[in-house]
Every structure is written in C-alpha cells, then in structure tokens.
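What's counted below: heavy atoms across the whole structure, side chains too, no hydrogens, waters or symmetry copies.
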Amino acid sequence: MTDVEKCPFSGPATLEERIKHWTIYQPWLQDDPVSHFKEMRDHAPIVWSEELGGYWILTRYTDVEWAARNPDIFSSAQISIPHGQLFPDKQIPIQLDGDEHRKWRQALSDLFKPGVVNKLTPQIRQATADAVEAVLPNGRCEFISEVATELPAATFVITFGIGHEYVHQLLAHKDWLRRVGIPNARTDGDLYEANKPLWNFFSEAIDRRREEGTDGRSDVLSGLLNTRFEGRALTQDEMVNTAFVAMLAALDTTTAALGLMFHYLARHPEVQDIVAARPEQSQVIVEELLRHEPVVTTARVVAQDVERHGVTMRKGDRVLMAWGMTGLDPEVFERPDEVDFDRPVIRHLAFAVGPHRCLGMYIARRVMTVALEEWHKRIPRYRLTEGSDPVRHYSPARGLSRLDLTFG
C-alpha cells in the first residue's frame with residue numbers, strides 16, 4: 001500500500017513521492033495546492049508525475065511562458081490531463097494549432113474586443129446590481145452559489161445575446177455535465193452523448209437569433225452569424241462549437257476567481273474600505289489578486305522532441321501548464337507571496353500568453369471589476385461567517401465550492 005493510499009488527505013511523506021503522485025485531482029491537494037506547488041517549483045523547473053499515464057510539469061514562469069510562445073513544439077491538441085475529446089471535431093479555437101488556429105483567431109477576435117465589452121457593460125452592471133440586491137436583505141449569503149456562479153452565467157447570456165431567462169437552464173445543463181456527464185463518461189462517444197443537452201441549447205439559441213435577425217446587435221451569436229471564415233459563413237456546428245467552448249472556458253474560471261478574491265477581501269477590511277471609497281481602484285485590485293490567487297491549469301502535448309534544463313521531452317509527451325501558479329514565482333515577482341496593490345507592473349499569466357491567450361479576458365476582467373464596484377457600493381463591510389469554513393478545491397480551476405459571508 002502506497003503513502004497516498006494510507007493517508008489520502010495528508011499526502012505522501014516525501015517531496016519525491018508528492019511529485020510522483022501529483023495530479024490536480026489528488027484529495028490531499030484540494031485544500032492547499034499552492035504550498036505544495038511552491039516546494040515543487042523550488043526543487044526543479046521541470047518534474048515528472050507518474051499519475052494518469054505520466055506527464056511533465058513546468059513549475060516556473062519563464063518555462064510556462066516559453067512553452068506557450070512555441071506552439072510548434074507544444075501543441076494545444078490536448079488541453080487537459082487526462083484528455084477527453086468533448087466533440088467529434090476539435091474545440092474552436094483552443095484545440096487548434098498553426099495556420100488553422102491563426103485564421104480562427106482572426107475570425108473571432110472582433111467578437112470579444114474591448115469595444116464590444118464596453119457596449120455590453122451597462123447590462124453587465126445591472127445584472128451584477130440585481131445579484132447583490134437579491135442577497136442584501138438577508139444580511140448574509142453563500143457567495144459561491146448565490147453570487148459568484150450567477151454573475152458569470154448572467155454575463156455569458158448577455159454577451160452571447162441568449163436572454164436572461166435562460167440563465168438557470170444554462171447552469172443546470174453545465175452543472176449536470178460537470179457533476180454527472182463527464183465523470184461518468186468512459187469513452188469519447190460517452191462524452192458526445194453527455195454534451196448533447198448543452199449542444200442543443202446553443203443550437204436552439206443560434207436558431208432563435210437567426211430568426212430574430214442580427215441588425216444593430218453587438219452580441220456574440222449575432223457576430224457568429226455574420227462572421228466569415230476563409231470567405232464563407234460558419235456552419236451551425238462551428239457556431240455551436242465556439243459558443244460551447246466559450247462557456248466552458250468562462251463560467252467556472254470566473255466563478256473560481258471571484259470566490260478567491262472575495263475570500264481575500266472578507267479577511268482584509270482595509271481593502272474593502274479602499275474599494276468602497278475609491279471604486280476606480282477596483283481594476284488594480286483585481287489584477288493583483290489574479291496574480292496572487294492561482295486559478296487555471298491546462299495542458300499541452302509535445303509535438304517534437306525538445307530539451308530544456310537538461311530534460312528531454314519527447315514527441316507525444318504531455319505537459320501540465322500551471323498558469324495561475326506562475327504568479328507566485330520569486331524569480332519574476334518581488335515578494336510574490338505578499339499582496340501589493342502598488343506593484344508597478346503585474347505581468348501575470350492568469351489569461352495565458354502567446355497565440356492562445358484568452359479571447360474572453362476583457363469580458364472576465366470587466367465582470368470582476370464591476371463585481372467589486374457594485375458589491376461594495378451596497379455592502380461596504382462584510383466578513384467570513386463565524387463557524388463556517390470555506391470549502392476549497394483544486395482541479396483545472398482552483399477555487400472555492402462554499403464561502404459564507406456575513407454583512408456589516
């Protein structure tokens with residue numbers, strides 16, 4: 001019996017064993033993966049885990065950035081470990097490489113640019129105000145389910161022009177897929193079947209938008225209907241694929257980031273005072289907390305043999321990309337474990353870097369900034385509810401599954 005089997009929540013006794021058994025799903029990593037990742041980073045820039053068939057882990061900022069800027073060596077064909085093929089075709093655009101990825105990126109980039117986000121911000125702000133007003137009379141809330149989950153979903157239906165009346169249907173489909181569909185899938189065929197409810201949801205939304213017309217609309221579905229790829233209109237499957245992928249990329253990660261931010265804020269009333277008195281500082285606070293609170297982990301697959309730090313990674317090897325953890329690298333950030341809102345430059349990789357940098361980063365930043373502004377306008381002081389401990393999780397989007405807050 002291994003150390004992991006003996007002590008499922010305390011983890012292996014030695015660093016070598018912890019590296020050997022590292023996976024974002026390990027029970028002993030769910031509460032505090034950060035401290036364990038730091039010791040792994042200090043040990044070596046590239047390490048090998050034997051879990052899930054074996055894969056490399058890049059532990060430092062410069063190496064993650066190097067891999068991200070060399071997509072000819074590190075392919076995005078497999079973006080998670082373990083990797084499951086969600087659709088019969090690759091996910092657009094995050095699973096694509098080379099010219100195919102570049103062309104799709106060019107076709108889609110205008111749909112998510114800052115100007116579009118600016119036009120949609122009044123609706124995002126109203127949805128945020130509504131979410132905060134809904135919990136205000138209670139004097140307390142479970143922040144993750146009542147606010148942090150609702151806001152990204154409300155923003156998504158606004159951005160895509162789906163209609164707010166479909167928010168809970170979207171969340172129900174997404175939650176079932178995450179909780180039941182994907183965990184119980186044993187083959188790619190099982191994954192295709194599990195995805196059908198959401199696939200049909202997006203296909204029906206596109207049909208409605210097509211029927212209603214796109215004139216004068218700034219939403220993404222209207223944009224997809226008017227977008228041209230290599231001189232032709234997008235197919236229904238391509239549009240559904242794009243919307244589905246955007247939803248997977250946006251909802252859980254933004255929920256995770258909001259939960260971690262408000263967990264920090266609830267323990268630092270002096271920062272609450274700053275946001276309440278100077279809401280224009282919210283964007284700076286968001287950026288520093290994105291650096292300080294790691295969220296996203298994805299993967300790449302090696303497309304050609306390459307050597308780095310004396311380690312040879314072979315074609316076909318998988319590589320874990322811990323984007324969020326790079327924000328705590330002492331070789332890049334002075335006093336990385338401290339939160340400092342006066343940092344002159346915050347070059348975090350929370351939204352990745354290189355050709356696959358997150359298309360939705362402008363929307364995500366706006367959601368988080370508006371959340372801080374609208375919350376503190378109505379609830380300037382709050383704290384962790386006494387006797388209730390936050391429940392943490394790691395996984396591809398490190399965050400909290402429960403965060404109880406008391407107002408005042």
For this output row, return yes or no: ring centroids of Y382 and W375 closer than 6.0 angstrom.
-> yes
Test applied, ring pair (Phe, Tyr, Trp, His ring centres under 6.0 Å); reference residue, F244; option that passes from F87, F156, F160 = F87
Using a cut-off of 6.0 Å, state whether more than 12 heavy atoms not belonging to Q123 lie near its atom CD.
-> yes
Between S401 and H393, does any side-chain donor sit less than 3.5 Å from a side-chain acceptor?
-> no
Any idea which heavy atoms bring Y192 and P88 closest together, and the distance?
-> CE2-N, 3.5 Å
Listed by chain and number, what are the side-chain hydrogen bond (donor to acceptor under 3.5 Å, both in side chains) partners of S203, not counting sequence neighbours?
-> Q236
Who pairs with R378 by side-chain hydrogen bond (donor to acceptor under 3.5 Å, both in side chains), at least two apart in sequence or on another chain?
-> E133, E374
Backbone N or O of S145 within a donor-acceptor pair of the E142 side chain at under 3.5 Å?
-> yes
Apply side chain to side chain contact (heavy atoms under 4.5 Å, CB included) to E288 and list each qualifying residue two or more places apart in sequence or on a separate chain.
-> R291, V339, D340, F341, R343, I346
Are the ring centres of Y61 and H348 closer than 6.0 Å?
-> no
Ion pair check, E287 and R365, cut-off under 4.0 Å | yes
Please examine the side chains of T155 and I363, heavy atoms only from C-beta on, and report whether any two atoms are closer than 4.5 Å.
-> yes
Is a salt bridge present between R402 and D389, judged by a nitrogen-to-oxygen distance below 4.0 Å?
-> no
Is it true that the NZ or CZ of R208 lies under 6.0 Å from the centre of Y166's six-membered ring and within 45 degrees of the ring axis?
-> yes
Of N118, L120, T159, which is the lone residue that meets side chain to side chain contact (heavy atoms under 4.5 Å, CB included) with R366?
-> N118
Assess R318 against W56: is NZ or CZ under 6.0 Å from the centre of the six-membered ring, and within 45 degrees of the ring's axis?
-> no
